[in-house]
Amino acid sequence: MRIAERLQRDSSADPVAGEAAARLADATRARLGNLQVGGQAGPRQTLHAPVAGIVLDKAAIEGARFAAGEALFRIADLSRVWVIAEV
């Protein structure tokens, strides 16, 4: 979002580029609002998982890029556990 806002400020000489940057900034704000991370300050955003559990696999690393639909984490739900045992 900061990049889009900077583009919007820097493209004051080109109205078409300024409008495109404004649309990009608005779309980014909408996406952050959908993720419920709007209003956070600083370079990092906190995203909360929709489930609780134990992280089994972490594909998300600093600097990596991901496409929509890619799994960043694999989380095990341990609220119910079945145990098969011989006593």
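Owing to the predicted nature of the structure, the values given are computational and were not obtained by experimental measurement. Start at 1 with the first residue, then count along the sequence.
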Taking a hydrophobic cluster as the set of Ile, Leu, Val, Met, Phe, Trp and Tyr residues connected by side-chain heavy atoms closer than 4.5 Å, whether directly or through intermediates, do [X] and [Y] fall within one such cluster?
X: Ile61; Y: Phe66; answer: no
X: Val55; Y: Leu72; answer: yes
X: Trp82; Y: Leu78; answer: no

Nearest heavy-atom approach of Leu56 to Ala76 is CD1-CB, 3.5 Å
Heavy-atom closest pair (Ala71 atom, Ala59 atom, distance to 0.1 Å) is O-CB, 3.8 Å
More than 12 foreign heavy atoms under 6.0 Å from CD1 of Ile54: is that the case here? no
